Structures are given as C-alpha cells and as structure tokens.
Amino acid sequence: MSEILEHIDLTKVPQHVAIIMDGNGRWAKKNGKERTFGHKNALGAVRAAIEACRDLKIPYLTLYAFSTENWKRPKPEVSLLMTLLSQTIQREIKELHENNVRLNVIGNISKLPNATQKELNKGIELTQHNTGSTLTLALNYGAQEEILEATKKIASKYKNNEIQLEEINEELFVSSLYTSDLPMVDLMIRTSGETRISNFLLWQIAYAELYFTPILWPDFNKESLYEAVLNYQGRERRFGKISEQLI
C-alpha cells in the first residue's frame with residue numbers, strides 16, 4: 001500500500017475533484033520531442049487519476065480536456081487531439097463500464113468532429129446507468145460561455161412567462177449550468193506549475209480548495225493525486241465562517 005495513502009482519512013475525502021491537465025507540450029519539449037508527443041503520452045496520467053479516485057472512493061472526477069480557447073492552437077495539433085480523444089474513448093470505454101463508471105461530458109460538443117461526437121455519445125449511452133462514479137470530460141468547454149448560456153436560458157424562460165422574476169435564484173441558475181447534475185467542486189488541481197484557473201468551472205469552484213503542482217501532466221500518477229488529497233485534508237474549510245464556529 002502507498003505510504004501516502006495510509007495517511008489519508010477515507011471518511012473525509014473530497015466528493016468532487018476537478019483537474020486542469022496542463023504541461024503536455026512542455027513535457028514533450030523536455031524530452032526533445034514535438035508537442036504532440038506529450039499529448040500521446042498523457043493517457044497514463046488520466047488512467048492514474050481515475051484509479052486513484054477509485055481507491056479513495058471519490059465519486060466525481062472532472063477533467064479539463066479541451067477548452068473553447070484551444071481551437072486557437074495549430075490545426076495539426078487540434079486534429080491530433082480530436083483523433084486521440086476518439087481513439088481513447090473507443091479503447092477505454094469497456095474498462096470504464098466494467099468498473100461501473102458513468103461517462104459524462106460538459107461543453108458544446110456539437111462543434112467537435114462527427115467521429116469524436118459519435119464515440120462520445122456511444123460511451124455516454126453505454127455507461128449512463130452506472131452508479132459507481134462519474135467521470136466528466138470538459139470538451140470545447142469555457143466557463144464564461146457556460147455562464148452566458150445559463151443566463152440566456154433563464155432570460156428566455158422569463159421572456160416567455162415561464163418563470164417570475166422572484167423565482168430567479170441560485171438554485172435555478174445552478175440547474176441551468178452544464179454541471180446541473182454534479183456537486184460543487186471540493187478540490188481543483190492544476191499541473192505544470194501554472195497558477196491560473198483558465199476559464200474552468202468558475203461558478204463551481206467558488207469554495208473549492210485550489211492545489212497547484214509543478215508536475216507536468218504526463219508525469220502525474222496515483223501518488224500525485226494522493227498528495228493533493230492529503231494536502232486538502234490539512235486545510236480548514238470555513239465557507240465564510242470563522243474557525244471557532246467549526247468546533
């Protein structure tokens with residue numbers, strides 16, 4: 001058993017972990033390769049994160065796989081990312097299903113290539129009744145766009161007299177987000193040493209604990225996630241209260 005794992009209180013693990021998987025390009029450059037080499041070697045880290053969450057019985061894991069801004073990258077790199085995504089879903093979905101994992105996607109996937117959409121929808125349909133845990137992929141996702149779309153939905157309901165002004169509250173807003181069936185994020189991890197949120201789950205991380213690690217994503221392993229959770233357990237989560245109120 002991992003030495004770090006022995007120190008984790010399994011009764012106090014985060015319920016929802018979100019990860020900004022950053023550093024593939026730098027990892028490839030460090031190894032004297034093209035950026036695409038980093039993307040091709042990132043799957044091991046994804047597997048490790050999923051397995052570590054399974055070990056700790058963390059029910060929700062959300063991975064930032066492709067942002068609305070990532071379309072600005074060189075076309076060959078974007079094309080490779082979409083191909084890798086399709087191939088990975090096709091290759092890994094059986095094991096996810098056998099492990100009772102539900103695949104979920106947030107973001108505007110209608111703009112993804114048809115082949116990618118097809119594999120995603122097949123995976124979602126296959127695993128839709130699984131109850132062990134939920135793996136969410138954020139694809140063509142941007143938090144600002146998500147908040148704008150939620151606002152438009154509510155404005156449309158108000159315009160059509162489906163709701164009254166007094167009914168517009170936090171609960172209604174949350175139900176209009178892509179993540180309406182997910183809990184708020186407890187722990188957000190970003191790899192590669194960058195300390196930005198990068199337009200990721202801005203509403204959902206309002207009270208999340210933020211954990212930044214210099215580890216480049218392809219080097220991220222189960223121990224890395226255990227360390228993040230152990231760090232999380234050492235923090236005092238007050239949600240606006242003072243320490244004395246938590247005693």
Side-chain angles (χ1 to χ4, degrees), residues 1-24 26-27 30 42-65 67 99-102 104 106 131-138 141 143 146 170 174 177 179 181-247:
M1 180 183 285
S2 162
E3 189 174 321
I4 300 173
L5 187 56
E6 291 178 353
H7 292 89
I8 293 175
D9 183 348
L10 296 179
T11 68
K12 296 180 180 179
V13 296
Q15 292 300 289
H16 188 178
V17 172
I19 305 178
I20 300 176
M21 307 180 292
D22 193 23
N24 291 346
R26 274 164 284 173
W27 183 87
K30 190 175 76 170
L43 180 57
V46 173
R47 284 203 194 102
I50 294 170
E51 290 172 7
C53 284
R54 189 185 309 147
D55 293 342
L56 300 177
K57 294 183 171 53
I58 293 171
Y60 296 94
L61 172 64
T62 298
L63 303 176
Y64 203 7
S67 76
N99 285 295
N100 201 21
V101 177
R102 178 176 74 95
N104 182 46
I106 56 173
T131 57
S133 62
T134 296
L135 170 64
T136 299
L137 301 180
Y141 172 88
E146 177 186 28
E170 185 175 323
V174 168
L177 295 170
T179 56
D181 62 340
L182 302 178
M184 294 286 276
V185 176
D186 297 305
L187 171 63
M188 194 216 73
I189 301 168
R190 180 170 186 149
T191 59
S192 88
E194 300 290 354
T195 53
R196 295 186 298 275
I197 304 303
S198 294
N199 199 18
F200 185 45
L201 300 174
L202 297 179
W203 177 280
Q204 297 86 344
I205 63 169
Y207 271 103
E209 298 300 324
L210 307 183
Y211 179 85
F212 300 102
T213 173
I215 297 171
L216 300 175
W217 179 246
D219 290 329
F220 193 88
N221 57 29
K222 291 171 73 171
E223 297 287 307
S224 307
L225 194 135
Y226 296 158
E227 287 178 4
V229 171
L230 190 61
N231 180 280
Y232 164 89
Q233 292 189 340
R235 302 189 190 184
E236 184 178 69
R237 307 192 74 204
R238 297 193 297 272
F239 299 97
K241 298 178 181 178
I242 62 173
S243 299
E244 288 76 9
Q245 289 177 290
L246 304 178
I247 299 173

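All of these numbers come straight from a predicted model, not from anything done at the bench. Position 1 is the first residue of the sequence; numbering continues from there.
The shortest side-chain heavy-atom distance between Leu225 and Ile19 falls under the 4.5 Å cut-off. Considering only heavy atoms from C-beta on, Val229 stays 4.5 Å or farther from Tyr211 through its side chain. Thr191 has its side chain out of reach of Leu216: every pair of non-hydrogen atoms, C-beta onward, lies at least 4.5 Å apart. Side-chain atoms of Lys222 and Asp55, non-hydrogen and from C-beta on, do get closer than 4.5 Å to each other. Contact check for Thr134 versus Pro59: no side-chain heavy atoms found under the 4.5 Å cut-off.
Every salt bridge (Lys or Arg N to Asp or Glu O under 4.0 Å) that Arg26 has, sequence neighbours left out, goes to Asp22, Glu194. Residues that satisfy the ring-ring contact (aromatic ring centres under 6.0 Å, His included) test with Phe200, not counting sequence neighbours, are Tyr64.
Interatomic distance, Asp181 CG to Thr136 OG1, rounded to the nearest 0.5 Å: 7.0 Å. One finds the CD1 atom of Ile50 at 9.5 Å from the CG atom of Asn99 (value rounded to the nearest 0.5 Å). For the atom pair OH of Tyr226 and CG of Leu5, the computed distance is 5.0 Å after rounding to the nearest 0.5 Å. Note: Ser133 OG to Leu56 CG = 12.0 Å, rounded to the nearest 0.5 Å.
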Point to revise | Residue pair Glu227, Thr213: steps toward the side chain to side chain contact (heavy atoms under 4.5 Å, CB included) verdict | key: CA-CA 10 Å; Glu227 287 178 4; Thr213 173; over 6 Å; no

Review point. Would Val185 and Thr62 satisfy side chain to side chain contact (heavy atoms under 4.5 Å, CB included), going step by step from the backbone distance to the final call?
Key: CA-CA 9 Å; Val185 176; Thr62 298; 6.0 Å; no

Practice item. Evaluate side chain to side chain contact (heavy atoms under 4.5 Å, CB included) for Thr179 paired with Glu146, printing each intermediate quantity in order. Key: CA-CA 9 Å; Thr179 56; Glu146 177 186 28; 3.9 Å; yes

Practice item. Verify side chain to side chain contact (heavy atoms under 4.5 Å, CB included) between Ile58 and Asp186, making sure each step is shown before the conclusion. Key: CA-CA 11 Å; Ile58 293 171; Asp186 297 305; over 6 Å; no

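At least one donor-acceptor pair under 3.5 Å links the side chain of Asn221 to the backbone N or O of Glu223.
Taking both residues in full, the closest heavy atoms of Arg190 and Ser198 are given as NH1-OG, 2.6 Å, listed atom of the first, atom of the second, then distance. Shortest non-hydrogen contact noted between Met188 and Ala208 is N-CB, 4.5 Å. Shortest non-hydrogen contact noted between Leu187 and Tyr232 is CB-CD1, 4.0 Å. The two atoms that bring Phe220 and Ala49 nearest to each other are CE2-CB, 4.5 Å, heavy atoms only. Shortest non-hydrogen contact noted between His16 and Pro183 is ND1-O, 2.8 Å. Here the closest heavy-atom approach between residue Trp217 and residue Val46 is recorded as CZ2-N, 3.7 Å.
Partner of Asn104 under the side chain to side chain contact (heavy atoms under 4.5 Å, CB included) criterion, out of Leu182, Leu137, Leu135: Leu182 alone.
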Under 3.5 Å, side-chain donor or acceptor atoms of residues 8-15 against the rest of the protein: list the pairs with distances, not counting sequence neighbours.
residue, atom, partner, partner atom, Å
Asp9, OD1, Thr11, N, 2.9
Asp9, OD1, Thr11, OG1, 2.6
Asp9, OD2, Thr11, OG1, 3.3

